[in-house]
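Below: the structure, in structure tokens.
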Amino acid sequence: MGFSRWLRENSQHYLLMGAHEQLARTRPGTRAPRPPHGPVELFWLRVFAPVYRALPWPLRHRILRAMPGSHRRPWATPPRPSGPAV
């Protein structure tokens, strides 16, 4: 697994867990995820996720565009219609 894929998968996973924690704090009756274990999970959940959420969208977008990965691919242009539709 390449670094960019590892980074993407970890960031997605821990951002989701952070959102789950936030949801559990704000919505009574929602079950909270398990607490983080170890320094790696603490970093992702207590440092990375809050900092990422606090960044304004234009800065986040600029960072995402600078990262390698499939998100940099542009949308494919739709095929040109040829001939009658019916």
Side-chain angles (χ1 to χ4, degrees):
M1 176 187 315
F3 174 73
S4 59
R5 185 178 180 135
W6 172 85
L7 181 63
R8 181 179 174 170
E9 287 182 2
N10 273 312
S11 59
Q12 285 178 339
H13 174 74
Y14 288 108
L15 285 171
L16 185 63
M17 283 185 69
H20 190 174
E21 281 182 347
Q22 191 176 19
L23 186 68
R25 275 194 308 270
T26 57
R27 304 282 179 151
T30 304
R31 190 176 197 178
R34 67 172 175 75
H37 295 286
V40 174
E41 284 192 3
L42 280 171
F43 167 78
W44 283 99
L45 287 172
R46 301 295 180 248
V47 177
F48 174 79
V51 168
Y52 185 84
R53 278 195 305 265
L55 293 176
W57 171 246
L59 180 59
R60 263 193 266 175
H61 185 71
R62 202 174 318 152
I63 292 169
L64 289 173
R65 297 289 301 168
M67 296 294 294
S70 62
H71 61 278
R72 294 182 71 182
R73 292 187 203 146
W75 288 91
T77 54
R80 297 189 72 131
S82 60
V86 183

R65 side chain reached by H61 side chain, heavy atoms, under 4.5 Å: yes
Nearest heavy atoms of A24 and A32, plus distance in Å: CB-CA, 3.6 Å
Whether Y52 and F48 hold their rings parallel, tilted or perpendicular, with breakpoints at 30° and 60°: parallel
Straight-line distance of Q12 CD to N10 CG, nearest 0.5 Å: 10.0 Å
Exercise: identify the closest heavy-atom pair between Y14 and L45: O-CD2, 3.6 Å
Side chain H20, main chain R31, donor-acceptor under 3.5 Å: yes
CZ-CG distance between R8 and L64, expressed to the nearest 0.5 angstrom: 9.5 Å
Minimum heavy-atom distance L15-A49, with the two atoms named: CD2-CA, 3.8 Å
Parallel, tilted or perpendicular: ring planes of W44 versus W6, cut at 30 and 60 degrees: perpendicular
Neighbour count >12 (heavy atoms, 6.0 Å) for atom CZ, R53: yes
Cluster overlap L23 with L16, hydrophobic side-chain contacts below 4.5 Å: no
Minimum heavy-atom distance P35-E41, with the two atoms named: O-OE1, 4.4 Å
